[in-house]
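Okay, so here's the structure we're looking at.
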Amino acid sequence: MEELASSISADAGNTSGDLITVGFSQVGHESDWRTASTNSVKEAFSQENGFDLQFVDCDNDSEAQLESVRNFIQQQVDYIIIDPIVATGWDTVLTEAQDADIPVIVIDRTIDDSDKYTAWIGTETKNEGLAAGAWLKAYAEAKGIKDLNILVISGTTGSSAQIGRTEGFDQYVESEGWNKLDEQTGDFTQDGGQKVMESYCKSYEGQFNVVVCQNDNEAFGAVDAMKAAGVSYGVDGDVIVISFDACKAGLQMVLDGDINADFQCNPLQGPDCAKIVQELAAGQDVPAKTYMAEPWYAHDDTVKSVSYTNAAGEDVTEDMIVVDQSIVDAGY
Ligand code: GZL
C-alpha cells in the first residue's frame, strides 16, 4: 500500500496538548480540484488556528483510505475528516471510530452505506448533472441541433461525484431520447481523459457531437486527444464539450471557447469544516449537512439560465454565468 503521509503538526518541540488533533484522510492528488480541496483544509486547520493536522493522501486507493482512518483511531486523534474515495464500504470503520469516541466529519463526496458520522459538508453532484442536461437541451434547441450523439468520460467509478453527475445527466438522456454512445471512466485524471478520448476518436469517428467530461482534468486530456485526431470541438467546433468543477484552468478554456459549459463543484470546504470542529470542541450542536454554493458557467449567453427539478424535488431556475477574464482570475 502506497501511502503518502505527511504530518503537518507543529515541529517536535510543540506541546500539542493545547491543539486539537485532526486526522484528514484525503482522496488523493488526481486533479486541480483536489489540490484546491487539500490546500483549503490545510490552511483552515493550521497550528495558528489551534490545530495539529495529520494529513494522509490515499492516492485514490480505497484500502489505503480505510487503513489511514484506522491509524487515526489508533493515534487517538480528537477528530477525523474523510473525503471518501468511494461511497460504500464504510460502516465497519466508522463503527470503530464511534466506539473510540472520535467524531467523524465527511467532506465533499458522500458515504452512502453508513450514517455513523457527525456532519457532512459538500455539494449536490446530482444537481450538477441535472443542470448540465438542462443546459444541453436548451443549447441544442437554440442552435437547431436535432440529434445529440453523446460520449461520456465519467469520474472515479463508485464515487458519489460520478454517481450523482451520471444520475442527473442521464435523466435528460432518457427524457429527451438522446443517443449516449458510450460511457467510460477517466478516473478524474487528465491522462485518463486523454486515453478514453483517443479510444473514442477511433471507435466513434464521425459519430459524436457531444463529449461530457465529469471533471476539468478529463476535459484537458479529451481536448488534447480530439486535437490530435483532427476533431473540432468547443464553441466553433463540431463537438460540444461539457465539463464539471470549473477550476481556474477549466474556466480559462471556457473563456477561450474550448469548453462550452462548465458546472462548478466547490472544493473549498476547509473553513466550514474547521468551524464545525471548533463548535464540536466547544460542546455546541452542528448542522448535519452543509451545502456549498456552486455556480454554472458558459462561454456565451446562448442559454441565459437553466430550469430543472433538483435532487430535492424543487423546480429551480439558475443563471448561467458568462465567463470573463476577471472570473478566471478569481478561480480556485
Ligand atoms: C467532486 C470531487 C471530484 C472532482 C474531481 O465532488 O470529489 O473529485 O469533481 C475530483 O476533480 O477529483
Side-chain angles (χ1 to χ4, degrees), residues 4 24-41 57-62 64-65 81-88 90 105-112 120-132 152-169 183 185-196 211-223 241-254 259 261-270 272-273 289-297 311 331-332:
L4 309 172
F24 175 31
S25 178
Q26 174 62 296
V27 165
H29 50 277
E30 72 285 0
S31 63
D32 294 27
W33 190 101
R34 188 62 52 202
T35 302
S37 162
T38 294
N39 292 340
S40 173
V41 172
D57 170 336
C58 299
D59 201 16
N60 232 21
D61 176 334
S62 297
Q65 183 157 57
I81 303 170
I82 301 170
D83 190 334
I85 296 167
V86 292
T88 54
W90 285 99
I105 294 145
V106 179
I107 65 169
D108 173 32
R109 297 180 186 176
T110 59
I111 285 176
D112 297 345
W120 171 84
I121 308 161
T123 56
E124 178 46 82
T125 52
K126 184 176 178 183
N127 286 348
E128 296 162 17
L130 288 165
V152 177
I153 302 177
S154 55
T156 300
T157 303
S159 68
S160 61
Q162 174 270 315
I163 293 167
R165 288 170 191 160
T166 299
E167 209 177 308
F169 188 77
E183 177 161 7
T185 182
D187 227 2
F188 286 136
T189 66
Q190 180 164 343
D191 187 50
Q194 179 157 350
K195 285 197 168 54
V196 170
V211 172
V212 178
C213 301
Q214 287 192 347
N215 85 328
D216 286 333
N217 293 78
E218 290 176 346
F220 304 158
V223 157
V241 179
I242 292 171
S243 187
F244 296 85
D245 282 356
C247 69
K248 188 190 285 284
L251 289 171
Q252 186 63 57
M253 287 178 70
V254 174
I259 293 176
D262 203 343
F263 297 83
Q264 192 189 76
C265 176
N266 189 322
L268 308 178
Q269 279 94 23
D272 283 319
C273 192
K289 286 189 174 184
T290 303
Y291 284 94
M292 311 290 292
E294 39 187 8
W296 315 136
Y297 295 101
Y332 64 82

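What you see is a predicted model; the values in this text were computed from it and never measured. Just so you know, ligand 1 is whichever comes first in the structure, and atom 1 is the first atom listed for that ligand.
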**Item:** side-chain contact (heavy atoms from CB on, under 4.5 Å) between Q214 and F169, intermediate numbers included
**Value:** CA-CA 10 Å; Q214 287 192 347; F169 188 77; over 6 Å; no

**Request:** For residues N60 and D187, determine if any side-chain heavy atom of one lies less than 4.5 Å from a side-chain heavy atom of the other.
**Result:** yes

**Asked** Protein residues near ligand 1, heavy-atom distance below 4.0 Å?
**Response** E30, S31, W33, R34, D108, R109, A161, R165, F188, N215, D245, C265

**Message:** Can you confirm whether Q264 sits close enough to Y297 that some side-chain heavy atom of one is under 4.5 Å from a side-chain heavy atom of the other?
**Reply:** yes

**For D216, all residues meeting salt bridge (charged side-chain N to carboxylate O under 4.0 Å, His left out), sequence neighbours excluded** = none

**Request:** State, with a plain yes or no, whether a side-chain heavy atom of S37 is found less than 4.5 Å away from one of D108.
**Result:** no

**Message:** Could you tell me if the side chain of I107 sits less than 4.5 Å from the side chain of V41, heavy atoms only?
**Reply:** yes

